[in-house]
Structure formats: C-alpha cells, structure tokens
Amino acid sequence: MLEAIYAKIMGIGSSRHDKRQGCWSWGGSSNGEMKRPNKLPSKLRLKISGNQRRRREDTFVVWEEIPTPSVCDHRETMNSDASSSPQSAPTQERLMQIISCFPYPTTRPASPPPKPSPESCEHRAFCDAFGKLVQVSVETMAITALPMDVWLKERLKKWVQLSGHEGSIVPATPHTLYKKQCVNCGEGRAYKNISKDPALDGFTPKYYNELEKNEEHFIEIEDLLQQFADPTKTAIMDIKIGTRTFLESEVSNTKKRADLYEKMVTIDNDEPTEEERKCGAITKLRYMQFRERESSTAQLGFRIEAAKRLEGALEKNFKKVRTVEDVTTTFMDFFGMQRSRVRKQLIERLKSMRKAIENSTFFNTHEVVGSSILIVFDTEKVGCWMIDFAKSSPVPNGRTLNHRTNWVPGNNEDGYLIGIDNLVKILEELPEYGEHPDDQLMVTEEVVARMKSSKA
C-alpha cells in the first residue's frame, strides 16, 4: 500500500506531471521500474543554490544590539527641536538588523493543527509516506519552506511604524508584533489585566505572550494595521492621552537641577520666576509641568504625537499644536476629503470607548499614564484603539480613580477621560467637508494625479 501511495504522490502514470506540462516527473525505465532522476532541472537547481548561498552569507552577518530607551527618553526626543519636513522610514536592511535582536521564531502557534482521524489506517500510512518524502524533498523534489529572512522582507514591504524609537517594535507573525520592554516595565502585566476585563474587549490590541531573549523582555501583541487591506495605504495618527505623561514616582525627588533649568530657558527664556533665576535650578516636577503646558496636554488632556497621511507623508513635529483651533486645523488637514465619513465613525467609536472606560475594572483601579489613542483609516474603513500601557500601575491603598479629577501630587489622577471628552467635543464641532473655506484649497492625491495626466 505504501508503494501505491508513494506513486500517487509522485504522480506516476499521470499526464498532469508530465514534462510537457511544464513539470518534471520520475520517469520509468524500459523494464517498468521507477528510475530516480540524475539531477534537478536547471531552474530549480539555480534557485536552490541561490537560496543556500544567501543563507551562508546571512550566517556571517554581525547584527548590532539595539538599546531600549525609556518612555521618558522618547518623550524628550519627540519634543526636541526637529525638522518639520516629513521623515522617511528606516530601510528594510536596517529593520532586518533590528529584527535579529528579537526572539524569533515565536513560540505561539498560529492555530492548533487538525487532528488526523485514528480510524483510517490508510490515512496514517499516507502521512508516514509523505513524511519520508519531505525529508528528502530538497535533494529530489525541491519542496522548500520560505526562509525566515524572505518572509520578514515580504512582511516589511507593508511595515509601518508611526512613532516610538526605531527598533522597539517589529513584526512577529503575519498578524502580531514584538514590542521590546524597558527595565521594570509593567506593560505585559497591564495587557494581561486588560484581557481579563470584558468592558475593554476590542478596544486594545490582543495580548498573546511575554518572551525573553538575551536577558531582554518582549511582549507579543496584535498588529492592528493588519485589519486593513493594505497598511501602507492607511492614514494613521498617534494621540497621547491624559493631562500628564509622567508618573508620580518620576517627580517625587525635590532636588533642584541646573540642567533642567537650562532646558527650560532654552525653550522659553521668559518662563522662569525671579526666584528660579536666582537659584539657576528647578525640580523635575516643575520642568515636567512646564513641558506639558508647552503642548496641548495640560489644557486639553491630549497631544498629537505623530501622523501619516493617506498619501504616505509622515509628520512628527506637532509642538506648536496647543489650542483647540490648532487641533481643529490639524484634523481637517489630516482627514482631507475623507473628513465627513471618518469624523462620524470616530465620534461613535470614541463614545463607545469612553463608556467602556467608565465601566472598566482596570481603569477604575489603575493609573494610566503615557497611553495613546491610535486612529487608522483608509478609503473603506476607520479604526480607533487604546495602545501603550508601559506606564500603567495599580492605585495604592485600594483607592479608585475617575480619570476626570484634576491631578495633584498623591491622588494618582491622570486625566484620561478629560482627553477623550475634549477629543469628542472637537470632532463634533468639526465642519463637514466642503463647509469650510479652506476645503477648496486642499490639494489631494486625485487632484495631483489629474494635473500630471493633463500635462502629459
């Protein structure tokens, strides 16, 4: 029976596996016995040798380790003086270097394999025969699996990382991400608690696993962009939520620092008080509160961190977006001709999210600082989720939070719902597309394409 199954797999006696059909087969000798081919066809032989040569070259590449910066470092980077021109994404070669530091392959199975039927002896014999064939497939049939580096390069063709440090997030599987964790980071624990809170179901990325490699920690979470047909053709915005982006523990030290004073006067020479000028130093709390007022964080409970337009332009310099008018103009420019549709769906989604937070056990018992709202849309779909929980921590002494009370040291309030309330209000007051005079001046991809075609 094994011989019959073997012949069936190899296509012996079937015209579909004839050389004239573009495939190659095991031929038969004059006495009727099967005869193994002496060598592979030239195209397959070249393909295999090329793959083997590339694997040998990759073996000797020395990847550099990418340090993991803290969230505070990221905040300083985002607020530092930077060019207002769109920034280009890292190359695939650079991303491949970064990826080497992550724990591939993932140990989480994509889905449980189907169980073979124990009643069928023929099925078991077929599996045994096929297993033996696969063991010699490279030398005989050239049935090869897609190499890991090839799969990653294909995945990276549609890779988009809007904000955060380069190398902190990379693709893990076709639908998940690896995110590197900093020292004493509780993001994995936060995601575990969120996954147990039914009120938040669907409002955050799914959490899968926590891994360790080379004494570094990683979490595996859902890649939200994979819910869209083509992630490279999406518009994305990262909005940092809350009236403060620092933990109370980060500003508990009352020591005055000259370096923070120098940073303050570099940004705004008129900010220091007379006493601070005489001292030439300020506390970290004073500096952090000053920085929050420089953006829309303190006033509106959120600030725009980064955005990518539908046509692909990436912008990370939103330091001057502080007032309601500034945010309104930014939203109008970001939504473009899709404004009416996206605005309506975002309002509905944010209202549902707000209700979920109000009923959430996790938010009731946790301080959530430095978290973001991720907005994604294309020409067909709109999505909105809460992400980034690295600075989430349980409230001490069994207290609860409402996320709307103004923060004073010791009460742990973060203003999360203040930010969402203001986001909803601004979106509700946003004019429909075509109702604002500036809408007539918007130059879209379609207009540019028509101009180019008319010149041609």
Side-chain angles (χ1 to χ4, degrees), residues 89 95 99 102 106 108-111 151-164 168-179 187-188 190-192 194-195 197-209 218-241 304-314 331 334-357 360 371-389 420 423-424 427 445:
L95 287 170
I99 281 168
F102 284 73
T106 178
R108 183 184 60 81
S111 59
W151 171 82
L152 284 172
K153 287 178 181 178
E154 289 298 316
R155 178 84 156 84
L156 290 173
K157 288 181 180 179
K158 295 185 177 182
W159 176 245
V160 178
Q161 180 174 343
L162 183 64
S163 61
S168 61
I169 305 174
V170 299
T173 71
H175 300 285
T176 63
L177 305 170
Y178 283 138
K179 184 176 181 181
E187 190 165 22
Y191 269 114
K192 288 179 184 178
I194 289 172
S195 65
D197 190 340
L200 301 179
D201 187 29
F203 289 103
T204 67
K206 293 180 181 178
Y207 170 80
Y208 291 101
N209 199 6
F218 309 84
I219 58 173
E220 185 182 1
I221 56 176
E222 178 186 6
D223 183 355
L224 297 169
L225 292 186
Q226 295 306 310
Q227 297 187 23
F228 294 81
D230 186 348
T232 62
K233 296 181 180 179
T234 57
I236 314 170
M237 179 174 281
D238 183 323
I239 301 177
K240 193 70 68 178
I241 293 291
I304 300 174
E305 287 282 279
K308 183 183 81 70
R309 304 174 192 270
L310 271 176
E311 65 271 18
L314 180 63
F331 279 163
F334 174 64
F335 296 146
M337 295 178 65
Q338 307 289 329
R339 185 198 309 158
S340 298
R341 174 181 66 90
V342 175
R343 167 186 168 273
K344 180 180 178 181
Q345 295 185 44
L346 273 181
I347 291 173
E348 294 177 357
R349 177 69 169 175
L350 286 170
K351 285 183 176 180
S352 298
M353 183 183 294
R354 178 170 61 186
K355 185 176 180 180
I357 293 172
S360 166
S371 177
S372 290
I373 297 291
L374 183 70
I375 296 173
V376 187
F377 70 88
D378 57 14
T379 56
E380 302 292 334
K381 183 178 179 180
V382 179
C384 179
W385 299 270
M386 294 179 284
I387 61 172
D388 297 339
F389 296 95
I420 293 183
L423 265 179
V424 171
L427 288 171
E445 276 189 295

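Numbers here simply count residues along the sequence, with the first being 1. What's counted below: heavy atoms across the whole structure, side chains too, no hydrogens, waters or symmetry copies.
Residues Phe331 and Ile304 form a side-chain contact, since some pair of their non-hydrogen atoms from C-beta on lies under 4.5 Å apart. Within the 4.5 Å cutoff, side-chain heavy atoms of Val376 are placed close to those of Phe228. The side-chain heavy atoms of Leu427 and Phe335, taken from C-beta on, include a pair separated by under 4.5 Å. Using a 4.5 Å cut-off on side-chain heavy atoms (C-beta onward), Leu225 and Ile236 make contact. No side-chain heavy atom of Ile241 sits under 4.5 Å from any side-chain heavy atom of Met386. Two residues are said to be in side-chain contact when any heavy atoms from C-beta on lie closer than 4.5 Å; Ile169 and Lys179 meet this criterion. Residues Arg349 and Ile375 have side chains not in contact (no heavy-atom distance under 4.5 Å, counting atoms from C-beta outward). Using a 4.5 Å cut-off on side-chain heavy atoms (C-beta onward), Arg341 and Phe377 make contact.
Between Leu423 atom CG and Ile239 atom CD1 the span is 5.0 Å, to the nearest 0.5 Å. We find the CD-CG distance between Gln226 and Leu177 to be 8.0 Å, quoted to the nearest 0.5 Å. Remark: Thr204 OG1 to Leu374 CG distance equals 12.0 Å, nearest 0.5 Å. One finds the NZ atom of Lys192 at 12.5 Å from the CD atom of Glu187 (value rounded to the nearest 0.5 Å).
Heavy-atom minimum distance, Gly312 versus Lys308: O-CG, 3.8 Å. Contact detail for Ser360 and Ala199: the closest heavy-atom pair is CA-CB, 4.0 Å. Among all heavy-atom pairs drawn from Tyr178 and Pro171, the shortest one is CD1-O, 4.3 Å. The shortest heavy-atom contact between Asp238 and Ser372 is OD1-OG, 2.9 Å.
By the side-chain contact (heavy atoms from CB on, under 4.5 Å) test, Lys351 is found to be paired with Ile347, Arg354, Val424, Glu428, residues two or more places apart in sequence or in another chain being considered. Tyr191 is linked by a ring-ring contact (aromatic ring centres under 6.0 Å, His included) to Phe389, counting only residues two or more places apart in sequence or in another chain.
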Validation: residues 378-385 side-chain donor-acceptor distances under 3.5 Å, sequence neighbours left out:
{"residue": "Asp378", "atom": "OD1", "partner": "Glu380", "partner atom": "N", "Å": "2.8"}
{"residue": "Asp378", "atom": "OD1", "partner": "Lys381", "partner atom": "N", "Å": "2.6"}
{"residue": "Lys381", "atom": "NZ", "partner": "Gln227", "partner atom": "O", "Å": "3.2"}

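Proximity of a side-chain donor or acceptor of Thr176 to a complementary backbone N or O of Glu222 within less than 3.5 Å is not detected. With hydrogens and angles ignored, the 3.5 Å screen pairs no side-chain donor or acceptor of Thr234 with any backbone N or O of Asp230.
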Please determine whether side-chain contact (heavy atoms from CB on, under 4.5 Å) holds for the pair Ile387 and Ile221, giving the CA-CA distance in whole Å, both sets of side-chain angles, and the decisive distance to 0.1 Å. CA-CA 10 Å; Ile387 61 172; Ile221 56 176; over 6 Å; no
